[in-house]
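Input: a single structure, listed below in structure tokens.
None of the values given here were measured: they were computed from a predicted structure. Within every chain, numbering begins at 1; the chains are lettered A, B, ... in the order of the sequence lines, protein sequences first and strands thereafter.
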Protein chains: 2
Amino acid sequence: MLAESEIEHLENIVQRKKILKKGEFLYHAGDHFEAIHAIRSGSLKSYTISSDGTEQITGFHLPGEIVGLNAISHSTYPSFAKALETSLVCTIPFDKLETLSRDIPGLQKQIFHVMSNEIRDEQNLMMLLSKKNADERFAAFIMNLSARYGRRGLSSKEFQLTMTRSDIGNYLGLAVETVSRLVTRLQGNGLIGIQDRYIQITDMDGLSALAGTSCHH
Amino acid sequence: MLAESEIEHLENIVQRKKILKKGEFLYHAGDHFEAIHAIRSGSLKSYTISSDGTEQITGFHLPGEIVGLNAISHSTYPSFAKALETSLVCTIPFDKLETLSRDIPGLQKQIFHVMSNEIRDEQNLMMLLSKKNADERFAAFIMNLSARYGRRGLSSKEFQLTMTRSDIGNYLGLAVETVSRLVTRLQGNGLIGIQDRYIQITDMDGLSALAGTSCHH
DNA sequence: CGAATGTTTGAGGATGCTCAAGGGATGTGG
DNA sequence: CCACATCCCTTGAGCATCCTCAAACATTCG
């Protein structure tokens with residue numbers, strides 16, 4: 001996550017924007033790595049294909065976030081990045097960024113911070129996957145999206161889920177049917193309201209409590 | 001993961017070693033962040049304490065690996081790091097490293113790579129947690145340790161598990177009892193041999209196949 | 001030597017998956 | 001514009017995996 005000002009700073013350095021329509025790829029697994037990407041608008045999902053051919057979603061990416069950090073140590077991207085909706089992406093050649101970061105005070109620190117944040121975010125997600133039940137996972141997922149939208153100055157109380165129920169299930173390690181049932185149940189509990197993919201958090205505290213570390217009753 | 005030569009390089013830069021006995025902390029969650037740490041020998045576990053007071057293990061750390069990368073973007077460590085056995089750790093003040101990396105060609109790249117690797121490793125673990133069943137998780141866990149020991153020039157076929165069954169279960173999102181049963185079963189299948197915490201991989205291909213992405217029969 | 005911690009095994013039960021089916025939305029070609 | 005295919009979402013019923021609870025034994029440590 002970068003602040004708006006920081007992204008603009010990067011944009012001034014490297015002016016190379018790209019528009020992706022829904023379903024189009026930012027990159028494929030195996031593509032030669034040469035750049036990381038800042039999302040200006042829209043959303044993407046990252047995923048790999050496992051040996052049995054199934055999709056394995058590793059993350060969703062919202063405006064203000066950086067995609068491609070997991071490729072830096074390799075010559076190729078280890079995952080696919082696909083647009084969930086029409087999206088505007090700013091491409092930042094990494095060798096250029098590396099060089100610049102040696103001269104521009106603060107830029108290197110910036111990159112370290114972004115990467116460190118990603119590491120910590122993923123550790124949180126790991127905990128979620130290994131310790132929480134279906135309800136808690138889904139609640140944590142929604143709260144996470146809420147916080148990320150909120151940070152960008154967008155509404156943290158209501159927003160569009162740009163991914164399918166199937167994507168959510170894939171990401172959270174749940175069956176589609178389970179996700180569907182969760183949506184229904186949490187709506188019944190009065191925690192959320194959902195109309196298709198438009199979600200409103202009607203009880204932020206309640207949802208937060210559910211998402212919070214499991215007390216198992 | 002750093003190569004032996006790279007660690008020595010770092011050591012020459014910052015000569016500050018520390019010996020930890022089993023159960024001692026390298027740092028606590030909330031401690032002021034000022035350094036990352038390279039493990040020379042022994043092993044550690046990282047964990048957080050959730051709001052209900054239970055331990056949540058986020059990783060095990062072996063010789064040659066770096067601990068503390070998830071703290072860079074914050075002023076404090078987000079997790080605990082505790083020695084699983086007597087361990088030798090090399091502490092690297094991060095501000096010093098940051099400064100040096102601007103002058104020493106390759107060092108900055110080195111850090112980027114280490115961090116990028118950690119991001120990718122965690123994405124792999126996420127997939128494991130969200131997609132695999134108990135047998136596959138455990139097999140993947142053992143294969144992962146095997147590869148990491150192998151990379152350090154140690155035996156990848158037999159090694160000591162320095163963590164408890166409970167730690168393994170905590171990390172993999174399984175109950176202790178399940179881990180215990182898995183050990184028994186995989187031993188019965190002839191994939192591994194275990195004597196207390198000393199494990200031998202007797203069928204590397206078989207274990208690898210089990211660890212490999214689930215075909216669910 | 002007693003206490004705490006770690007490991008194993010068994011029995012029962014709950015959570016979440018699989019399988020099945022139907023409806024709604026979207027898109028494409030005739 | 002309609003027919004048809006495809007994808008997405010929902011709901012139900014049965015079942016499997018893995019957790020919980022319980023107990024016994026081993027090991028470590030003060």
Practice item. Please report, rounded to the nearest Å, how far the C1' atom of D/dC18 is from the CZ atom of B/Phe138. Key: 16 Å
**Study point:** Side-chain N,O (A/Ser166) to OP1/OP2 (D/dC7) below 4.0 Å
**Key:** no
Study note, to complete from the structure: When rounded to whole Å, the CD1 to C1' distance for the pair A/Ile194 and C/dG24 reads 17 Å
Review point. Among the nucleotides C/dC19, C/dG16, D/dT10, which one has an atom lying closest to any side-chain atom of A/Glu177?
Key: C/dC19
Point to revise | Non-hydrogen side-chain atoms of A/Ile72 and B/His113 separated by less than 4.5 Å | key: yes
Check your understanding: Any side-chain N or O of B/Arg181 under 4.0 Å from OP1/OP2 of C/dT7?
Key -> no
Check your understanding: Taking the nucleotide of DNA chain C with the closest heavy atom to each, which residue, A/Asp135 or B/Val176, is nearer the 5' end?
Key -> B/Val176
Review point. DNA chain D: B/Lys22 or B/Arg137, which has the more 5' nearest nucleotide?
Key: B/Arg137
Review point. Given atom CG of B/Leu84 and atom P of C/dT5, what is their separation to the nearest angstrom?
Key: 17 Å
Point to revise | Test item: side-chain donor near acceptor, A/Thr162 and A/Arg197, under 3.5 Å | key: no
Practice item. Between A/Asp196 and B/Thr164, name the one whose nearest nucleotide on DNA chain C is closer to the 5' end. Key: B/Thr164
Review point. Can you check whether B/His37 and B/Tyr27 have ring centres sitting under 6.0 Å from each other?
Key: yes
Practice item. Could you tell me whether A/Gly169 contacts a base, only the sugar-phosphate backbone, or nothing, with contacts defined as non-hydrogen atoms closer than 4.0 Å? Key: nothing
Practice item. For D/dC19, take OP1 and OP2 only and decide whether either is under 4.0 Å from a side-chain N or O of B/Thr178. Key: yes
**Study point:** Residue B/Arg197, side-chain heavy atoms: nucleotide from C/dG6, D/dC9, C/dT18 that is nearest
**Key:** C/dG6
Point to revise | Ring centroid separation B/Tyr198 to B/Phe159 under 6.0 Å | key: no
Review point. Taking the side chain of B/Thr184 as heavy atoms from C-beta outward, which of C/dT9, D/dC8, C/dT7 is closest to it?
Key: C/dT9
